[in-house]
Amino acid sequence: MCPCGSKTDYTECCEPLIKGEADAESPEELMRSRYTAFTVKDMDYVFNTTDPQSRMNFDYNTSKEWAEDSTFTGLEIIRSSDEGNKGMVEFKAHFKDSKGESHVHHEVSKFRKQAGVWFFKEGKLLAEPKTGEDKKS
């Protein structure tokens, strides 16, 4: 099964995109393949699918270190849109850090299509709701 949660075999889902044999057909498909690239520690794919105008904001070494220190446990797509050459995906990436503690990366990502190819443009991290133990009586 593919790490992106599609219930399709990796060789038929995200692998062809990560290997450069196919292009994502939608923002959601690109998001799923980028998540999978983090799970297989392929930062070249993550970099190459970042909008060329946004690549200066991509910290390759920090992203690689984070991916190598994390165990990704699931991707949850909340909503997505594809409107011509613009798109968006809200998602939650579940992972465990090197200490085994569970975390959720909740983000709204924007995508841009140029020359027929989808690219990740930017992401906005959303705060997770506080747990009951943080409330004061």
Taking Ser70 for its side chain and Phe72 for its backbone only, find out whether a donor-acceptor pair lies under 3.5 Å. no
With a 3.5 Å distance limit and no angle check, can you tell me whether Arg32 reaches the backbone of Cys4 through a side-chain donor-acceptor pair? yes
Is the closest basic N to carboxylate O distance between Glu68 and Lys41 below 4.0 Å? no
Closest non-hydrogen atom pair between Phe111 and Trp118, with its separation: CB-CE3, 3.9 Å
Shared hydrophobic cluster for Phe91 and Leu17 (ILVMFWY, side-chain gaps under 4.5 Å): yes
Please check if Ile78 and Phe95 belong to a single hydrophobic cluster, counting links between Ile, Leu, Val, Met, Phe, Trp and Tyr side chain heavy atoms closer than 4.5 Å. no
Answer with yes or no whether the side chains of Arg34 and Thr49 bring together a donor and an acceptor at under 3.5 Å. yes
Under 30°, 30 to 60°, or over 60°: which ring-plane class applies to Tyr60 and Phe47, parallel, tilted or perpendicular? perpendicular
If we ignore hydrogens and angles and just use 3.5 Å, is the side chain of Ser33 paired with the main-chain N or O of Leu30 as donor and acceptor? yes
Glu28 side chain to Ser26 side chain, donor-acceptor N/O pair below 3.5 angstrom: no
With clusters defined by side-chain heavy atoms of hydrophobic residues (ILVMFWY) lying less than 4.5 Å apart, directly or transitively, does Trp66 cluster with Ile18? yes
Assess whether atom CD of Gln114 is packed by more than 12 heavy atoms of other residues, nucleotides or ligands within 6.0 Å. yes
Please report the closest heavy-atom contact between Glu107 and Phe120, naming both atoms and the distance. OE2-CE1, 3.8 Å
Can you tell me if Thr50 uses its side chain to pair, donor with acceptor, with the backbone of Val46 under 3.5 Å? yes
Kindly say whether Asn61 contributes a backbone atom to a donor-acceptor pair with the side chain of Glu65 at under 3.5 angstrom? no
Glu21/Glu15 under side-chain contact (heavy atoms from CB on, under 4.5 Å): CA gap, chis, key distance, verdict: CA-CA 8 Å; Glu21 299 167 355; Glu15 185 179 45; 6.0 Å; no
Within the 3.5 Å criterion, strictly below it, is a donor on Ser54 or Asp51 matched to an acceptor on the partner's side chain? no
